[in-house]
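Since the structure is predicted, the reported quantities are computational estimates derived from the model, not experimental observations.
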Amino acid sequence: MKLRNFLYLNTKIIEDYIASIDGYTYDEESQAIATLNERVIGGKAGGSLISGNGTYGGKQEEEIKRSVKISDAAKFDKIYKYLQSDDDDGLKYYEFLSDEVYEALHRDDFLEVLVTARFSKMKALTDSVSKITEIATAFESFTDQKLLDKKAAEALNGLATLGQLKSQKEIACVFEFDDNKFPLVAYLDESYFRCERDNFIGQSYLLCKIIRKIPKGQSVKLDEIFDDIKKLPLNRQQRRKMPKNMDNPAEIRDIIKGPAFIVLPIAVYQ
């Protein structure tokens, strides 16, 4: 049995998969545990030839019933074993990929991979801004001196606003093999994190399902600021008034080039 420390676990997906396998889900079950209690009876024996104390031992079986909660880790292990048992479309494990393996993988394949995670450049930048702002506030509170001048404060406030625009959306994350080939792009739901964000970044195992492949010559852009505006149903005149370049600034532009994958993240663990 593998013992895992979960950094991220999408419990909704786990519940859905268990419902598909068993036809139902449950959070608790009853267990009956048999225990043995030993009885000791003391007595005194006497006669013309022998005399002394003696004991007699007997065993009595008792049954104890208890209600136990099925843990998320146990539910995940059930899904993991189920995927391993499927010889045709089961779980595939990789520590790196080749061109041949990439071509052989398809939509809806399940992968377990050893990769290193990083958040999008936008997420990394706005997280850094939040930390700098907190440090500056703390510094000013006990020194009565400003750590940031007016221009720096305005710049940080502007970047913080960008972070707030993305705060209600999923976090774009890139998982990369050691050779930096065939990256996997995933979008993480903040409610399913099991650790602090700083502890999430680094090497870990990712269990995921392929949503689509990004072939060579194509790419995907992460955390585009003006994505929502680009999707608006504008007429020709309105489009003419829009700026021609609505891509992210170079400092936070994050483009993942194919060959790559877009995946559904199920769990990240060590």
Side-chain angles (χ1 to χ4, degrees), residues 8 10 13 83 86 88-127 159 162-163 165-166 169-190 200-236 238-268:
Y8 178 90
N10 191 319
I13 292 177
L83 292 173
D86 192 338
D88 296 329
D89 299 316
L91 185 61
K92 301 174 178 66
Y93 174 77
Y94 299 103
E95 294 185 4
F96 64 91
L97 296 180
S98 64
D99 292 331
E100 292 76 17
V101 172
Y102 177 82
E103 293 300 328
L105 293 173
H106 304 286
R107 178 186 176 93
D108 293 336
D109 281 347
F110 287 91
L111 303 179
E112 182 184 26
V113 290
L114 180 61
V115 285
T116 298
R118 73 164 177 86
F119 293 134
S120 68
K121 292 180 181 179
M122 168 77 82
K123 175 66 175 173
L125 179 61
T126 54
D127 283 352
L159 290 171
L162 291 179
L165 292 174
K166 305 295 296 182
K169 298 183 179 181
E170 294 177 319
I171 298 175
C173 187
V174 182
F175 295 90
E176 298 176 310
F177 295 99
D178 284 343
D179 59 7
N180 295 320
K181 296 180 180 179
F182 307 102
L184 300 92
V185 178
Y187 296 91
L188 306 171
D189 188 320
E190 290 193 74
F200 183 84
I201 300 303
Q203 190 175 63
S204 56
Y205 295 95
L206 165 69
L207 181 71
C208 62
K209 181 180 181 181
I210 296 175
I211 296 177
R212 67 183 177 92
K213 297 167 70 173
I214 305 170
K216 186 176 181 179
Q218 296 185 19
S219 62
V220 59
K221 298 178 181 179
L222 305 183
D223 286 345
E224 284 291 293
I225 300 171
F226 301 109
D227 261 356
D228 293 336
I229 297 177
K230 292 177 184 178
K231 296 174 184 177
L232 291 175
L234 305 178
N235 57 39
R236 186 177 299 177
Q238 290 172 326
R239 288 181 180 178
R240 287 175 180 172
K241 294 181 180 179
M242 299 295 292
K244 292 183 178 180
N245 183 11
M246 297 184 68
D247 292 335
N248 282 0
E251 293 77 10
I252 54 175
R253 190 173 301 152
D254 205 347
I255 302 175
I256 305 302
K257 297 180 180 180
F261 298 93
I262 303 294
V263 299
L264 175 66
I266 301 171
V268 179

**Request:** Compare all side-chain heavy atoms of L105 with those of Y94 and state whether any distance is below 4.5 angstrom.
**Result:**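 Touching, per the 4.5 Å side-chain cut-off.
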**Item:** 4.5 Å side-chain heavy-atom contact, L206 and P265
**Value:**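 They are in side-chain contact.
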**Item:** Partner residues of E95 under the side chain to side chain donor-acceptor pair (under 3.5 Å) criterion, sequence neighbours left out
**Value:**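 Partners of E95 under the side chain to side chain donor-acceptor pair (under 3.5 Å) test: Y93.
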**Request:** With sequence neighbours left out, write down each residue that passes side chain to side chain donor-acceptor pair (under 3.5 Å) with S204, or none if nothing qualifies.
**Result:**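 Partners of S204 by the side chain to side chain donor-acceptor pair (under 3.5 Å) criterion come out as none, since no residue qualifies.
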Point-to-point distance, once rounded to the nearest 0.5 Å, from [atom1] of [X] to [atom2] of [Y]:
X    : Y    : atom1 : atom2 : result
K92  : L83  : NZ    : CG    : 10.0 Å
L111 : L207 : CG    : CG    : 8.5 Å
C208 : L264 : SG    : CG    : 8.0 Å
D223 : S120 : CG    : OG    : 3.5 Å
F175 : Q203 : CZ    : CD    : 12.5 Å
M122 : L222 : CE    : CG    : 10.5 Å

**Prompt:** Does any pair with a residue in residues 103-119 pass side-chain hydrogen bond (donor to acceptor under 3.5 Å, both in side chains), and if so which ones, sequence neighbours excluded?
**Reply:**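 Passing the test, one end in residues 103-119: Y80-E112, E112-Y269, R118-D254.
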Donor-acceptor contacts, no H, no angles, side chain residues 177-189, under 3.5 Å, sequence neighbours left out:
| from | atom 1 | to | atom 2 | distance (Å) |
| --- | --- | --- | --- | --- |
| D179 | OD1 | K181 | N | 3.1 |
| D189 | OD1 | S191 | N | 3.0 |
| D189 | OD1 | S191 | OG | 2.7 |

**Item:** Residues forming a ring pair (Phe, Tyr, Trp, His ring centres under 6.0 Å) with F261, sequence neighbours excluded
**Value:**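 In terms of ring pair (Phe, Tyr, Trp, His ring centres under 6.0 Å), with neighbours along the sequence ignored, F261 is linked to Y102.
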**Message:** Strictly by salt bridge (charged side-chain N to carboxylate O under 4.0 Å, His left out), give each pair with a member in residues 211-220 just once, sequence neighbours left out.
**Reply:**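 Those involving residues 211-220 do not exist here.
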